[in-house]
Novice: 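Sharing a structure below in structure tokens format, with a few things to ask.
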Amino acid sequence: MRAPQKPALKRAGRFFPARTAGLIVPAVLCAVVVCIAVLRYAPGPFPEPPRHDLQAAGTDTLPAANTDAPSAAGPEATANNTVPSPAQGAAPDRAGAGENAAARSSASAHGPQANLERAQSRDIPQASAPGTQARQADDDGTHQASAGAHGTTASPLQNLPPAASENAPAARLPFNCTVDAGRFNLLKMGEEGPTLLVIGGIQGDEPGGFSAAALLASHYRIHKGSVWVVPDLNFPSILQRSRGLFGDMNRKFAALAPSDPEYDTIARIKSILLDSDVDLILNLHDGSGFYRPTWEGPLHNPKRWGQSLIIDQEKMSVPPFLLQETAGHVEVEVNRALLHPGHRYYIHNTLTALGNTEMEKTLSWFSVSNGKPAFGIEASKEFTTEYRSYYHLNVVEAFMRRMGIAFDRDFPLTPEGVLRALNSDLILTAFNDRLVLLLDNVRPVLTRIPFPHRGSRGFRSSKPLLAPVQDGEGWRVAYGNRTLTRIQPEYMEFDESPASFDLLVDGRRRKVSPGEIVRVAGTFQVDVPAGCRVNAIGAQKEVRGSEAGVRLRRQDFMPRFSMDKDAFVYRIEVYRGKAFAGMFLVDFGRAPDPRRDPMTAVAGPESALGR
């Protein structure tokens with residue numbers, strides 16, 4: 001139950017009071033100008049939105065496709081109805097191309113109009129701080145990472161091993177990626193102010209929703225207010241690209257037998273939904289086609305779910321909250337960021353309390369019926385993942401602005417920016433960071449990777465959807481519902497005594513910890529104590545069975561031993577006797593292009609149903 005002293009999110013039925021009459025005439029004039037511009041420059045009949053190339057169900061690899069934009073128009077598109085490319089789209093990142101993404105988002109959250117609205121509104125609650133210390137997996141199996149001090153949470157990716165400074169030490173990766181039933185990540189960002197809870201991955205075949213939630217957890221900073229993110233609620237189903245391994249998890253919130261395999265997961269997420277600090281909840285989904293209030297065609301009709309803002313009823317009585325009016329404000333804002341007019345959002349009221357027995361089983365109805373404003377957010381399954389996530393993030397940001405949550409992000413909010421953010425900085429560590437794998441543009445198989453005979457593996461990752469999954473005698477590294485690479489381990493004894501290694505990198509001395517990724521422009525040399533040896537995997541300049549004390553360049557390595565497909569990243573392993581003492585990576589300097597390996601949605605058991 002909400003703490004008694006905490007005011008409701010809405011008292012007067014509005015987030016912000018009505019404007020003065022003096023603003024009406026300028027607003028009308030602006031609307032007329034916009035309408036004239038739309039009529040002058042809008043394209044002809046709305047084409048279907050872009051679709052992805054489908055491949056056979058159950059495969060791990062991705063289809064070859066144009067990765068800068070979806071590959072083809074939808075099934076109802078005619079020959080003359082071409083789909084605009086991202087360069088032609090109607091909604092580039094909001095403050096204009098070429099500007100810093102963080103400045104753009106922060107400006108949108110702190111602009112004069114937003115400041116005026118917040119100054120006039122006195123009914124936004126102040127959530128208590130969720131804490132200032134990062135926490136490991138709780139006893140209930142939920143991994144949590146809390147905000148930094150002073151109400152600002154840095155993006156977890158700011159402290160990754162491949163740091164901007166070549167002398168920066170390796171930092172522990174933020175996400176626990178143990179794949180156990182019932183475990184999911186909960187990231188708490190920010191401290192003071194209203195709290196938004198965003199949930200992704202309740203259904204494992206909806207990559208737009210869980211990818212958007214993952215980007216929110218790993219690439220955003222919250223400066224005012226608080227955002228909690230569960231990006232991987234049903235991670236076992238995500239890994240299998242299944243709507244639900246044990247049935248639809250979003251139909252288990254009304255009644256559930258203790259014998260259900262997901263009983264503990266539902267109990268834990270319910271406790272988070274009902275937390276007194278949570279003020280508003282967004283559940284991210286991918287839905288079929290395009291919701292329309294009236295029949296417009298097979299993909300555009302009231303039975304479709306895509307591109308809609310779902311509410312269960314018009315308003316709540318306890319606490320007072322106008323769900324439809326709030327969704328209406330967001331609808332107007334999001335529809336200004338459309339890549340094409342045919343992608344328009346509509347409000348979909350499921351009228352759950354009037355006998356909609358299916359919706360009575362959902363997470364959002366559980367929340368609303370327990371006094372928590374909640375919305376289902378649907379992006380169309382006709383899009384590739386980066387387009388779905390683009391729209392999801394536009395909706396999430398619109399809600400954050402209405403709640404007075406100030407934020408920034410470290411990528412431009414465009415489909416291309418989303419795609420790059422999804423496919424870069426993919427890092428996995430294990431064994432107390434003795435092992436590190438950089439998975440950007442990684443080869444399909446990594447061989448002879450040191451693994452201990454026994455002990456905890458302690459896998460950690462840079463992204464919440466990145467996890468190793470045991471597969472026979474080896475491991476596959478999953479990223480959402482696709483496979484990045486497969487690991488063939490070589491089991492051996494470990495020696496964790498060396499805390500660091502001495503390197504000469506491009507003529508400069510430095511110490512490197514196990515698990516670091518070292519940028520090298522020209523040459524490097526590893527110096528180790530007596531009794532240790534260096535195995536630079538793929539190098540051809542060893543002296544007496546070791547590359548210790550040998551100056552190495554990129555051309556000294558055989559390309560087929562690189563970790564990446566372009567032969568820029570190599571493993572440097574240190575051994576004490578026969579025991580593995582740790583590894584670091586050397587990166588000879590060209591950033592991979594993530595666009596050629598998109599995290600697209602692929603054919604599989606993805607359901608045509610909506611939420």
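Below, all heavy atoms of this structure are taken into account, side chains as well, without hydrogens, waters or symmetry copies.
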Novice: Please report the interatomic distance CZ(F383) to OH(Y390), rounded to the nearest 0.5 Å.
Specialist: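 Result: 10.5 Å between the selected atoms.
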Novice: What's the separation between atom CZ in R551 and atom CG in D556, rounded to the nearest 0.5 Å?
Specialist: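 So the CZ of R551 and the CG of D556 are separated by 11.5 Å.
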Novice: On a heavy-atom basis, which atom in I238 and which in G201 lie closest, and how many Å separate them?
Specialist: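 Minimum heavy-atom separation between I238 and G201: CD1-CA, 3.9 Å.
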Novice: Under 6.0 Å from the ring centre and within 45 degrees of the ring axis: does the NZ or CZ of R533 meet both conditions for the six-membered ring of Y575?
Specialist: yes
Novice: Can you check whether L233 reaches F210 side chain to side chain, under 4.5 Å on heavy atoms?
Specialist: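 They are not in side-chain contact.
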Novice: Go through the steps for D502 and K511 under the test side-chain contact (heavy atoms from CB on, under 4.5 Å), then give the verdict.
Specialist: CA-CA 5 Å; D502 292 321; K511 285 189 177 294; 2.6 Å; yes
Novice: Do the non-hydrogen side-chain atoms of V227 and F407 ever get within less than 4.5 Å of each other?
Specialist: no
Novice: Take the angle between the ring planes of F459 and F431 and call it parallel below 30°, perpendicular above 60°, tilted in between.
Specialist: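 Taking F431 first and then F459, their aromatic rings sit tilted (interplane angle of 30° to 60°).
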Novice: Are any non-hydrogen side-chain atoms of S237 and E206 less than 4.5 angstrom apart?
Specialist: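 S237 vs E206: side chains apart.
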Novice: Measure from the ring center of F580 to the ring center of F494 and say whether it is less than 6.0 Å.
Specialist: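 Centroid separation for F580 and F494: below 6.0 Å.
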Novice: Determine the sole option in V528, V512, N535 for which the side-chain contact (heavy atoms from CB on, under 4.5 Å) test with V574 is passed.
Specialist: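 When side-chain contact (heavy atoms from CB on, under 4.5 Å) is applied between V574 and each of V528, V512, N535, only V528 qualifies.
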Novice: Is there a side-chain contact between V229 and M189 in this structure, where contact means two heavy atoms from C-beta onward sitting under 4.5 Å apart?
Specialist: yes
Novice: Distance check, rounded to the nearest 0.5 Å: S389 atom OG versus L215 atom CG?
Specialist: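 Going from the OG atom of S389 to the CG atom of L215 covers 6.0 Å.
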Novice: Heavy-atom distance under 4.5 Å between the side chains of K578 and M492, does that happen here?
Specialist: no
Novice: Of all the heavy-atom pairs spanning V520 and V505, show the shortest one and how long it is.
Specialist: CG2-CG1, 4.1 Å
Novice: So I487 and F451, side-chain contact (heavy atoms from CB on, under 4.5 Å) or not? Walk me through it.
Specialist: CA-CA 10 Å; I487 296 174; F451 267 54; 4.1 Å; yes
Novice: Looking only at side chains, do T485 and R443 share a donor and an acceptor under 3.5 Å apart?
Specialist: no
Novice: Any non-hydrogen side-chain atom of L187 less than 4.5 Å from a side-chain atom of N185?
Specialist: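 Of all side-chain heavy-atom pairs linking N185 with L187, none is under 4.5 Å.
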Novice: Can you find a heavy atom in the side chain of R476 that is under 4.5 Å from one in the side chain of L239?
Specialist: yes
Novice: Are there over 12 heavy-atom neighbours, none belonging to E473, within less than 6.0 Å of that residue's CD?
Specialist: no
Novice: Salt bridge check, E516 against R510: does any charged N sit closer than 4.0 Å to a carboxylate O?
Specialist: yes
Novice: Got a second to check how far N441's CG is from L484's CG, nearest 0.5 Å?
Specialist: 10.5 Å
Novice: Taking the ring of H343 and the ring of Y387, is the distance between their centroids below 6.0 Å?
Specialist: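 Ring centres of H343 and Y387 not closer than 6.0 Å.
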Novice: For the atom pair CG (D564) and CG (D440), what is the distance rounded to the nearest 0.5 Å?
Specialist: 9.0 Å
Novice: Could you walk me through whether E386 and E416 satisfy the side-chain contact (heavy atoms from CB on, under 4.5 Å) test, starting with their C-alpha distance in whole Å, then the side-chain angles of each, then the deciding distance to 0.1 Å, before giving a yes or no?
Specialist: CA-CA 7 Å; E386 67 271 22; E416 298 86 353; over 6 Å; no
Novice: Should the pair F584 and F501 be assigned to parallel (<30°), tilted (30 to 60°) or perpendicular (>60°) ring geometry?
Specialist: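 Tilted.
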Novice: Taking the side chain as every heavy atom from C-beta outward, state whether P207 and D286 have any pair of such atoms under 4.5 Å apart.
Specialist: yes
Novice: Checking V526 against E547 for the side-chain contact (heavy atoms from CB on, under 4.5 Å) test, could you report, in this order, the C-alpha distance in whole Å, the side-chain angles of both residues, the deciding distance, and whether it holds?
Specialist: CA-CA 8 Å; V526 186; E547 279 86 17; over 6 Å; no
Novice: On a heavy-atom basis, which atom in S226 and which in G190 lie closest, and how many Å separate them?
Specialist: OG-O, 4.0 Å
Novice: Once you round to the nearest 0.5 Å, how far does CG of L426 lie from CG of L465?
Specialist: 10.0 Å
